[in-house]
*Asks:* 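The structure is given below, and queries will be raised subsequently.
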Amino acid sequence: MPIQPTCYEIRVAGHLPAEWVDWFEGLTITLEEDGNTLLTGFVADQAALHGLLKKVRDLGLSLLSVNQVPPLEPAPINQPSKEKE
């Protein structure tokens, strides 16, 4: 069965410095007018979401919110890997 990624918005306090953008590859990064940063994109599963939150923690960023949101475009479908027997 295909795995359907979920779209999330992760908001952190402050503008994300340019040198940290690579840490969040695959997410859209929006520097908001209020001085916060919004990371938006598809996350494969709960383990991947926890990995992103770990990056936020490791960078010393203040997490403001995490929200599951309806996607603006269809999610990519990831096929589970099949082990060779």
*Asks:* Flag the pair Ile10 / Leu63 as yes when at least one side-chain heavy-atom distance between them is below 4.5 Å, and no otherwise.
*Replies:*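 Yes, side chains in contact.
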
*Asks:* Between Leu38 and Ile29, does a side chain to side chain contact (heavy atoms under 4.5 Å, CB included) hold up when you go through it step by step?
*Replies:* CA-CA 6 Å; Leu38 182 65; Ile29 299 172; over 6 Å; no

*Asks:* With no hydrogens and no angle check, is any side-chain donor or acceptor of Asn67 less than 3.5 Å from a backbone partner on Glu9?
*Replies:*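 Checking the backbone N and O of Glu9 against the side chain of Asn67, no donor-acceptor pair under 3.5 Å is found.
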
*Asks:* Which atoms form the tightest heavy-atom contact between Thr40 and Cys7, and what is the distance?
*Replies:*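 Where Thr40 meets Cys7 most closely, the heavy atoms are CG2-SG, 4.3 Å.
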
*Asks:* Mind checking side chain to side chain contact (heavy atoms under 4.5 Å, CB included) for Leu27 and listing every partner two or more places apart, or none if nothing turns up?
*Replies:*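 Counting only residues at least two positions away or on another chain, Leu27 forms a side chain to side chain contact (heavy atoms under 4.5 Å, CB included) with Phe24, Leu39, Leu52.
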
*Asks:* Got a second to check how far Leu53's CG is from Leu61's CG, nearest 0.5 Å?
*Replies:*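 These two atoms lie 11.0 Å from each other.
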
*Asks:* Would a single hydrophobic cluster contain both Leu49 and Leu64, if residues Ile, Leu, Val, Met, Phe, Trp and Tyr are joined by side-chain heavy-atom contacts under 4.5 Å?
*Replies:*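 They do not share one cluster, since no chain of ILVMFWY contacts under 4.5 Å joins Leu64 to Leu49.
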
*Asks:* Could you give all pairs that pass the salt bridge (Lys or Arg N to Asp or Glu O under 4.0 Å) test and reach residues 16-35, with sequence neighbours left out?
*Replies:*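 Applying salt bridge (Lys or Arg N to Asp or Glu O under 4.0 Å) to every pair that reaches into residues 16-35, excluding sequence neighbours, yields Arg11-Glu32.
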
*Asks:* Run the side chain to side chain contact (heavy atoms under 4.5 Å, CB included) test against His15 and tell me which residues pass, sequence neighbours left out.
*Replies:*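 If we apply the side chain to side chain contact (heavy atoms under 4.5 Å, CB included) test to His15, skipping adjacent residues, the hits are Leu31, Thr37.
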
*Asks:* Can you pull the salt bridge (Lys or Arg N to Asp or Glu O under 4.0 Å) pairs that have at least one residue in residues 41-50, sequence neighbours excluded?
*Replies:*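 Applying salt bridge (Lys or Arg N to Asp or Glu O under 4.0 Å) to every pair that reaches into residues 41-50, excluding sequence neighbours, yields nothing.
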
*Asks:* Are any of the side-chain heavy atoms of Trp23 and Leu59 separated by less than 4.5 Å?
*Replies:*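 Yes, side chains in contact.
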
*Asks:* Enumerate the residue pairs fulfilling salt bridge (Lys or Arg N to Asp or Glu O under 4.0 Å) with a member in residues 56-66, sequence neighbours excluded, ordered by first and then second residue.
*Replies:*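 For residues 56-66, and leaving out neighbouring residues, the salt bridge (Lys or Arg N to Asp or Glu O under 4.0 Å) pairs sorted by first residue read Lys54-Asp58.
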
*Asks:* Is it the case that one hydrophobic cluster holds both Phe42 and Val66, taking links as side-chain heavy atoms less than 4.5 Å apart, direct or via other members?
*Replies:*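 No, Phe42 does not connect to Val66 through the hydrophobic network.
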
